[in-house]
Structures are given as structure tokens and as C-alpha cells.
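Every number for a ligand or one of its atoms is a count from 1 in the order of the listing. Numbers for residues simply follow the sequence, beginning at 1.
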Amino acid sequence: MKKNEHLLRPEFTKQVAELYHDMEAAYDQTAKALDFSCSGCPDNCCDSYFLHHTYTEWAYLWHGLERLEDSQLKNITAKATKYVIESEAALARGERPIIICPLNEDGLCSLYSYRLMICRLHGVPAAFVRPDGRKLDFPGCFRCQEHISGDNSVAPMDRTNFFRRLVELELKLLGQRRMTAPKVKLTIAQMIVKGPPEL
Ligand code: SF4
């Protein structure tokens, strides 16, 4: 049995895949309505510094990593280790790290089906209503903002339901451990270097 499989029952894995699929579909719908596409973009979002907060995404990422050839995983782990060292150095200098994700290979995601939530949602304008009722707005990436140039006729993508479903999955995964499990606050590189979550 792979190290991670005791956490990810088939039904659970299927629900994560469905959630990720629905995020993609919502993103595509908004992008289409805006007539916006990433093709030709001079930037690469994969060098953005993001922290991730769920065991669900961490475990599902490893569900994908464990399917790679040993040599590919070794190569990715080496890049992730370098990422962790360089990002810690940047943070110690008070800078936000700008380093390409260790999963990016020649500009493309090498673990595309398992990429995390933010990789699927970043780009188009979006909104999110927090459980306390406060609404947060995301304007979209710089290029999308330029593209729409202030035209708000297309409704932003609503992230609320996706976050809610992810929290539900997280509670299901953690079960009784939700009160005691340490909080997750990790980059993708850290998730790779640490190995699958131990719960
Ligand atoms: S997981 Fe894939 S899409 Fe997300 S930042 Fe890394 S390379 Fe880019």
C-alpha cells in the first residue's frame, strides 16, 4: 500500500476529483464569458507564492505524486528542496518569494490533474462570502484586469461553494483528529519535501 492510501478512500478521492472538476468548469465558464484566455500570457502564475491550508489537498497532491516514476519524483523532490531553501531565504530578507513551482516543467504543470485549488481558480475575477457573512473580492490576475478594463458586466466567479465543499471534505478526512491535528500552512514545495501527511 502507498504511504498515503490509508487516508484517501476511493469515495473520498472521487469527491476531491469532482470538486476540482467543478472548479475548472466554473473558471472556464467565467473566462469564456469574459472572452479571456491564458494563452500568450508573458507571465507564469506558477512562480506565485501561495500557502495551502488543508490536509485534503496535501494528501491528494501526494495521491498524484505517488503515481510518478521514481526518477521523476526524485527530480521533483530535489527541485522542491531547493525551492524551500530559497523561499526561506527570501522571506528572511523580508521579500515575497518569486520562484517557479517545483512541479512546473518547461512552463507546464507536470501534475496537472492533481494541481491545487488556487492553481484552478487564479486568473478571473472572483468573489467569496466568508462564513461570517463578509464578502471578499478578487480582481483577477493583472492581465485579466487589463483585458476587462473596468467592465463589470460579467459576474465574478463565486468561490464560496468550492471553499465550503473543501472544508466539508477536510472535516470528513480529519474526523476525530480535527481538534488535535496541527494547522496546515505550507507551500507545494514544503508538501513535497515533507512527504504525505501523517494523520
Ligand atoms: S501545481 Fe502545477 S499549476 Fe500549480 S503552481 Fe505548481 S506547476 Fe503551477
key: Cation-pi, Y27 ring and R120 (6.0 angstrom, 45 degrees)   =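 No.
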message = I'd like to check the side chain to side chain contact (heavy atoms under 4.5 Å, CB included) partners of R96; sequence neighbours left out, ordered by chain and number.
response = Y49
inquiry  = So, using side chain to side chain contact (heavy atoms under 4.5 Å, CB included) as the criterion, who are the partners of N161 when residues are at least two apart?
reply    =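 R164, R165.
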query = With a cut-off of 2.8 Å, how many protein N, O or S atoms neighbour atom 4 (Fe) of ligand 1?
reply = 1
message = Whether the R67 and H63 side chains hold a donor-acceptor pair (N or O, under 3.5 Å, no angle test) is what I'd like checked.
response = yes
key: Partners passing salt bridge (Lys or Arg N to Asp or Glu O under 4.0 Å) against D132 (at least two apart in sequence or in another chain)   = R130
key: Gap separating the OG1 atom of T180 from the CG atom of L174, nearest 0.5 angstrom   =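 Output value for this atom pair is 8.5 Å.
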